[in-house]
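Comments concern the structure below.
Only a predicted model underlies this, so the values are computations on that prediction, with no experimental measurement involved.
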Amino acid sequence: MGVVTLKERFSDTTAQEVFGGILVLGIVVLLLDLLRLVATGELSPGRLGSLLWYGIVDSLYIGLAAIGLSMTYSILRFANFSHGDLVTTGAFGGWTVAYLIGGIGAADFGSRLLLDADGGARAGDLGMDILASPVAIVLGLFAAAAITILVALAIDRLVYKKLRDAGGITLLIASVGVALALRYIIAIFYTQDSRGIVASSPRVGPVNLHEATLVVSAVTLIVGVHLLLQYTKLGKSMRAMSDNKDLALVTGIPTERVIFLTWVIGSGLAGVAGYLIVLDRSQITINLGWFLLLLIFAAVILGGIGSIYGALAGSLVIGITINLSLVWIPADLNEVAAFVIMILVLIFKPDGLFGGVETA
Amino acid sequence: MALLEVSDLDAGYGDLQILDGVDMTVGDGEYVTIVGPNGAGKSTVMKSIFGLTTYMGGTVTFDDREISGLRPEDIIRTGIGYVPQNDNVFDSLSVKENLEMGAYILDEVPEERYDAVFERFPILEERKGQKAGTMSGGQQQMVAMARALMLEPELLMLDEPSAGLAPDLVEEMFDRIDAINDSGTAVLMVEQNAKEALRRCDRGYVLVQGRNRYEDDGSALLADEQVRQDFLGG
């Protein structure tokens with residue numbers, strides 16, 4: 001009798017539940033191993049703490065960018081592959097303004113305008129750190145948002161608006177084209193060379209001030225987006241439209257206006273993310289956003305695409321994963337860990353991908 | 001002059017024409033039902049009045065004003081409320097937020113508007129913080145109607161309000177629609193539950209293949225032998 005019930009029990013188990021079980025088991029094993037490593041002294045608590053902290057820092061800028069990607073998905077109904085290059089646009093645009101303002105007198109105008117593409121405007125000479133040039137760096141942050149918003153609105157007007165009813169696949173392919181065009185237009189001016197454009201971060205005691213600037217700015221913006229979505233009429237109409245676009249239309253919500261504001265918020269956050277990443281890493285390259293895009297997608301997919309809070313939770317998982325996995329695997333492979341998790345979640349909970357919403 | 005006057009309306013989706021010269025009127029405070037077989041274009045009439053289909057000819061006037069060709073967000077300002085058949089609530093928004101969206105075009109929603117719909121649907125006041133997507137079918141239908149009533153429309157259009165409701169809730173839903181009509185709001189309704197709808201309404205239209213077939217008082221249509229046999233199952 002016991003055998004029969006056991007068999008019946010397992011015949012009810014779906015493939016998804018089996019994968020889910022394996023996933024949970026895997027996480028438990030890794031957590032136990034982590035405890036063992038700390039207990040045996042192979043991994044110092046300090047090292048564990050800093051890995052977790054880097055995970056949180058990474059998840060903040062991934063999250064800023066993921067909010068925008070998730071918004072454009074849920075409101076415009078397409079996976080925007082040019083979102084990563086909006087991140088890049090923000091990085092170059094914002095830092096150009098920071099250089100123009102902060103480097104007056106320290107380097108010639110052309111070198112500052114092109115972010116040291118010719119080697120004539122060194123970050124150190126310009127004093128490009130948050131203590132030496134706070135005004136320039138803060139103004140650069142606002143400029144990053146503003147420039148990215150203008151670029152995104154122009155692209156919407158030129159490309160996406162004409163394809164509004166064309167379906168998700170058409171829009172997706174168009175966005176890949178936009179991504180490439182945007183990146184190489186940036187390359188024409190700024191060259192493809194990767195270079196350091198931010199001086200090393202000043203410290204106050206143990207606090208890295210550039211990292212702190214990133215954390216404070218990102219947390220403020222994320223809280224701001226949350227308040228906007230929950231408590232303002234605009235935010236509620238954005239949620240309404242992401243729920244049900246047809247009903248939003250018959251309810252009298254001006255849908256084109258909501259789309260406009262979606263671009264403003266989504267691209268503004270993407271631009272700020274790009275700017276803050278450069279502040280934290282010092283390096284700028286035209287591939288900055290494109291390489292980040294896969295992680296952003298992973299975060300958005302993990303959280304169930306289209307859900308902004310899901311995207312933030314997904315960002316946290318991805319950020320922690322790519323850092324904590326360094327305990328077991330070499331740094332070259334850490335992003336693989338993030339994508340393995342993403343793939344497992346896709347198999348375990350395919351809803352996670354285009355959950356409840358049709359088209360790509 | 002009737003409140004709503006549809007005359008010789010042609011409309012459809014893209015190249016596909018569904019309505020072929022439809023005529024229809026709804027008077028002030030009148031309760032009008034559209035019945036007919038599947039695919040007759042009943043829902044298309046409502047969508048066309050609300051500017052959601054491809055306009056191909058004819059006129060729609062509301063309150064002596066031509067509204068064909070207007071956008072839905074402008075039509076809603078003229079005083080027409082519309083409750084679509086399916087997916088008619090914002091799932092992830094609370095009940096109260098659904099109502100707030102119903103009054104989106106107002107800069108400030110007067111508290112009395114909420115009070116008025118809560119008085120009509122007391123259960124919604126108890127559940128005003130609940131996400132609409134987690135409610136039962138009957139309650140969602142109430143949220144959808146309440147949302148459309150937030151602007152106190154002169155005409156309320158209901159597409160299959162009894163669809164998907166448990167049988168014991170259908171009567172209750174029709175009673176609520178009676179009550180809305182009794183308070184002075186004109187009602188235009190599409191219903192699959194044709195007998196009950198015709199019993200309740202003032203006047204009815206039978207629509208077949210995108211054209212008017214019969215038009216009369218609800219009770220007269222119910223009594224008509226031909227209508228009974230062809231459209232009401234004997």
Other residues, nucleotides, ligands: >12 heavy atoms within 6.0 Å of [X] [atom1]:
X: Phe142(A); atom1: CZ; result: no
X: Asp15(B); atom1: CG; result: no
X: Tyr55(B); atom1: OH; result: yes
X: Arg157(A); atom1: CZ; result: no

Quiz item: Stepwise, does the side-chain contact (heavy atoms from CB on, under 4.5 Å) test hold for Leu93(B) with Asp243(A)?
Solution: CA-CA 8 Å; Leu93(B) 268 58; Asp243(A) 257 10; 4.1 Å; yes

Quiz prompt | Per-residue contact mode, Ile80(B) against chain A (heavy atom under 4.5 angstrom) | solution = neither

Practice problem: Sort Val89(B) into side chain, backbone, both or neither according to what part of it lies under 4.5 angstrom from a heavy atom of chain A. | Solution: backbone

Side-chain heavy-atom pair [X], [Y] within 4.5 angstrom cut-off:
X: Arg147(B); Y: Thr251(A); value: yes
X: Leu249(A); Y: Leu52(B); value: yes
X: Leu247(A); Y: Pro84(B); value: yes

Quiz item: Taking Asn244(A) for the side chain and Asp91(B) for the main chain, is one N or O donor matched with an acceptor at less than 3.5 Å?
Solution: no

Quiz prompt | With sequence neighbours excluded, residues passing side-chain hydrogen bond (donor to acceptor under 3.5 Å, both in side chains) with Asn212(B) | solution = none

Exercise. Return the option, out of Ala248(A), Ala240(A), Gly252(A), with the maximum number of heavy-atom pairs under 4.5 Å with chain B.
Key: Ala240(A)

Quiz prompt | Per-residue contacts, residues 228-238 of chain A versus chain B, heavy atoms under 4.5 Å | solution = Gln230(A), Lys233(A), Lys236(A), Ser237(A)

Self-check item: Most contacts with chain A, counted as non-hydrogen pairs under 4.5 angstrom, among Phe50(B), Tyr82(B), Tyr104(B)
Solution: Tyr104(B)

Practice problem: Search all heavy atoms of Ile253(A) against all heavy atoms of Glu73(B) and return the closest pair with its distance. | Solution: O-OE1, 4.3 Å

